Amino acid sequence: MRPTHKPIIDYLENLNKQLVDFQEDSFFRVDLDELFGAFRSGISLPCMTVESPEADAANSTVSASAIARHPAFTILQAPQNGNFAEQNTMLDQCEQIGLKIIARMRLDASNPETIIYNKFKANSVKYVKVGPIFNEQLYGYRFSFTLEDNEPLKVDAADWLDLQTTC
């Protein structure tokens, strides 16, 4: 299975469901414009938000295609406004949860049953502190990473009115 948008989001949602640090209703795909408004209602904290992956074909050639996807997820908490000690504790908790997810991804990258098998590039992981975001002044850590593999970019004649040959 190719790690396109939906399989990547589904995979990350499953990690959220399996990790004991999260409660029910603690996952959603976020659109960047939401960061400037109110946080979604009904979400349990800590939570995991994911962004739609960006992608590139920078390592492709005329004869071989390599697609790199760059998903990101953020772990968020809601410390009391102005309570810097609680903020530090919750930021640390968010970082630790994110690293648990990265560790699981390293494990899954060696499992042929997962969509990230031989695709997850552990050396691509980066993470940064975020916050305060949303009207609720949430804090956390945003983790980004790369999934890359050779993917055939074949032209299917059935998709084109002017072609008769698949190549």
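Note that the coordinates shown come from a computational prediction; the quantities given were computed from them, not determined experimentally.
- A donor-acceptor contact shorter than 3.5 Å links the side chain of Asn16 to the backbone of Ser26.
- The environment of Lys129 atom NZ is dense: over 12 non-hydrogen atoms of other residues, nucleotides or ligands sit within 6.0 angstrom.
- Here the side chain of Ser44 pairs a donor or acceptor atom with the backbone of Glu24 at under 3.5 angstrom.
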Determine all donor-acceptor pairs shorter than 3.5 Å in which one atom belongs to a side chain in residues 70-80; sequence neighbours excluded.
{"from": "His70", "atom 1": "ND1", "to": "Thr146", "atom 2": "OG1", "distance (Å)": "3.0"}
{"from": "His70", "atom 1": "NE2", "to": "Asp56", "atom 2": "OD2", "distance (Å)": "2.7"}
{"from": "Gln77", "atom 1": "NE2", "to": "Gln93", "atom 2": "OE1", "distance (Å)": "2.6"}

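- Both Leu138 and Ile43 belong to a single network of hydrophobic side chains, linked directly or stepwise wherever heavy atoms of I, L, V, M, F, W or Y lie under 4.5 Å apart.
- Between Phe22 and Met48 the shortest heavy-atom distance is CZ-CB, 3.8 Å.
- Rounded to the nearest 0.5 Å, atoms OG1 (Thr114) and CG (Asn14) are 11.0 Å apart.
- Both Tyr11 and Leu99 are members of a single hydrophobic cluster when ILVMFWY side chains are connected at heavy-atom separations under 4.5 Å.
- A continuous path of Ile, Leu, Val, Met, Phe, Trp and Tyr side chains, each step under 4.5 Å between heavy atoms, connects Leu12 with Leu19, placing both in one hydrophobic cluster.
- Counting all heavy atoms, side chain and backbone alike, Ile8 lies closest to Pro53 at CD1-CG, 3.9 Å.
- Under the 4.5 Å side-chain criterion, counting only non-hydrogen atoms from C-beta, Val30 is in contact with Phe134.
- Considering CG of Asn88 and CG of Asn83, their distance stands at 9.5 Å, rounded to 0.5 Å.
- A donor-acceptor contact shorter than 3.5 Å links the side chain of Arg69 to the backbone of Pro3.
- Asp149 places none of its side-chain heavy atoms less than 4.5 Å from the side chain of Arg2.
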Practice problem: Check step by step if side chain to side chain contact (heavy atoms under 4.5 Å, CB included) holds for Ile102 and Met105. | Solution: CA-CA 5 Å; Ile102 296 300; Met105 291 175 70; 4.2 Å; yes
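- Closest of all the heavy-atom pairs between Ala57 and Ile67 is CB-CD1, 4.0 Å.
- Looking at Asp92 and Gln96, their side chains do bring a donor and an acceptor atom within 3.5 Å of each other.
- Using a 4.5 Å heavy-atom cutoff, the side chains of Phe120 and Val125 are in contact.
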Practice problem: For side chain to side chain contact (heavy atoms under 4.5 Å, CB included), just list the numbers for Leu15 and Phe27, CA-CA rounded to whole Å, side-chain angles, deciding distance to a tenth of an Å, and then say yes or no. | Solution: CA-CA 10 Å; Leu15 292 181; Phe27 178 90; over 6 Å; no
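- Nearest approach of Ile9 to Glu51, heavy atoms of both residues: CD1-O, 4.1 Å.
- To the nearest 0.5 Å, the span separating NZ on Lys119 from CD on Glu148 amounts to 11.5 Å.
- What you find for Ile115 and Pro7 is that their closest heavy atoms are CD1-O, 3.3 Å.
- Side-chain heavy atoms closer than 4.5 Å link hydrophobic residues (I, L, V, M, F, W, Y) into clusters, and following such links, possibly through other members, connects Leu91 to Phe143.
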Exercise. Carefully, step by step, assess Met90 and Tyr139 under the rule side chain to side chain contact (heavy atoms under 4.5 Å, CB included).
Key: CA-CA 8 Å; Met90 288 187 170; Tyr139 287 82; over 6 Å; no
